[in-house]
Amino acid sequence: MSVTPIRLFGDPVLRSPADPVVDFDKELRTLVADMTETLREASGAGLAAPQVGVGLRVFVFDVEDVPGHLVNPVLHFPDEEEQEGQEGCLSIPGLYYDTKRRMNVIAKGFNEYGDPLQIVGTGMMARCVQHETDHLDGVLFLDRLDPATRKQAMREIREAEWYGDHPPVVKLSPHSPLGRL
């Protein structure tokens, strides 16, 4: 396992929809292990493959001491109940904004071996699953903010120490098939 650099806001891979996983092989298991280690090192709740430069539909999570991963997730919402709360992103470090999400979610997909997997989440787990699945669709939580808050967020991003003078570095991931981003 190794810690992989996390791509920051501005990197095009964060805005590109990820491809479905078709090979449940050793490379996928290594990717999941590396992402899990990266998430642990960053002290985050979730991490999607595009955030480490891999355009595949995979995310890992560790919410309220429940670690796991999901491959090729499909979300279902059992009701219309919503929640609003602080949300941040490892690709937009240090910035948090109130974001509306569904309160309850059922996520179906696969584990790293290709076995069917289902996650039933509420509250923080539901928020994390929705946030990470958005990443797989090229959507950032900023896109879900109201216009005034999004404008404020963009201003704060431009003023952030990690942005501007230090534009995101784009490197090919060893997990990326054929060197694709």
Side-chain angles (χ1 to χ4, degrees), residues 1-7 11 13-83 85-92 99-144 173-177 180-181:
M1 292 188 299
S2 64
V3 174
T4 307
I6 295 173
R7 304 298 179 92
D11 190 317
V13 72
L14 296 174
R15 290 299 193 172
S16 301
D19 294 327
V21 171
V22 293
D23 295 319
F24 291 82
D25 56 11
K26 185 177 186 229
E27 284 184 43
L28 176 64
R29 290 187 290 281
T30 299
L31 172 63
V32 169
D34 289 350
M35 288 174 59
T36 300
E37 184 67 20
T38 301
L39 177 64
R40 190 172 294 123
E41 178 74 20
S43 300
L47 182 70
Q51 291 180 274
V52 294
V54 178
L56 292 174
R57 296 188 67 79
V58 179
F59 70 80
V60 298
F61 60 89
D62 191 341
V63 176
E64 299 165 346
D65 295 323
V66 177
H69 67 278
L70 194 58
V71 178
N72 296 338
V74 176
L75 304 186
H76 303 279
F77 301 100
D79 56 47
E80 300 292 320
E81 188 177 357
E82 291 184 333
Q83 61 174 311
Q86 289 280 296
E87 194 164 320
C89 181
L90 294 173
S91 293
I92 307 170
T99 308
K100 278 188 183 178
R101 295 280 184 183
R102 291 288 188 81
M103 178 61 83
N104 303 295
V105 67
I106 299 170
K108 294 182 179 185
F110 303 92
N111 70 12
E112 63 193 340
Y113 296 97
D115 301 322
L117 185 62
Q118 177 175 289
I119 299 169
V120 177
T122 190
M124 182 61 178
M125 180 64 83
R127 178 177 297 281
C128 178
V129 167
Q130 292 169 78
H131 179 108
E132 300 312 325
T133 302
D134 272 354
H135 271 300
L136 304 180
D137 295 328
V139 175
L140 300 176
F141 85 102
L142 301 173
D143 302 329
R144 299 199 176 273
S173 167
H175 303 294
S176 187
R180 286 190 29 219
L181 289 178

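Just so you know, residue 1 is the first one in the sequence shown, and it goes up from there. Treat the numbers as computed from the prediction; the structure is a model and nothing was measured.
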[X] vs [Y] side-chain heavy atoms within contact, under 4.5 Å:
| X | Y | answer |
| --- | --- | --- |
| D143 | R15 | yes |
| P73 | L136 | yes |
| F77 | V105 | yes |
| L39 | M35 | no |
| K108 | L117 | no |
| I119 | M125 | yes |
| H135 | L90 | no |

Could you tell me which non-hydrogen atom of [X] sits nearest to which non-hydrogen atom of [Y], and how far apart they are?
| X | Y | value |
| --- | --- | --- |
| P78 | H76 | CD-O, 3.8 Å |
| Q83 | A126 | NE2-CB, 4.2 Å |
| C128 | G46 | SG-CA, 3.9 Å |

Is [X] reaching over with its side chain to a backbone N or O of [Y], donor-acceptor style, under 3.5 angstrom?
| X | Y | answer |
| --- | --- | --- |
| E82 | R102 | no |
| N72 | V21 | yes |
| E41 | E37 | no |
| H131 | F141 | no |
| D79 | E81 | yes |
| R127 | T99 | yes |
| S91 | Q51 | no |

Salt bridge present between D137 and R57 (N-O < 4.0 angstrom):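 A salt bridge links D137 with R57.
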Pair E87 + R144, salt bridge at N-O below 4.0 Å: no
Ring geometry between F59 and F61 (parallel below 30°, tilted from 30 to 60°, perpendicular above 60°):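 Rings of F61 and F59: tilted, 30 to 60°.
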What's the spacing between [X] [atom1] and [Y] [atom2] if we round to 0.5 Å?
| X | Y | atom1 | atom2 | value |
| --- | --- | --- | --- | --- |
| L47 | D62 | CG | CG | 11.5 Å |
| E132 | H69 | CD | NE2 | 14.0 Å |
| D134 | L142 | CG | CG | 11.0 Å |

Intermediate values then yes/no, side chain to side chain contact (heavy atoms under 4.5 Å, CB included), E27 and L56: CA-CA 12 Å; E27 284 184 43; L56 292 174; over 6 Å; no
L28: which of V58, D23, N111 passes side chain to side chain contact (heavy atoms under 4.5 Å, CB included):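 It is V58, the one option of V58, D23, N111 that forms the side chain to side chain contact (heavy atoms under 4.5 Å, CB included) with L28.
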Positive for side chain to side chain contact (heavy atoms under 4.5 Å, CB included) with V54, one of V13, D34, L31: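 For V54, the side chain to side chain contact (heavy atoms under 4.5 Å, CB included) test succeeds with only one of V13, D34, L31, which is L31.
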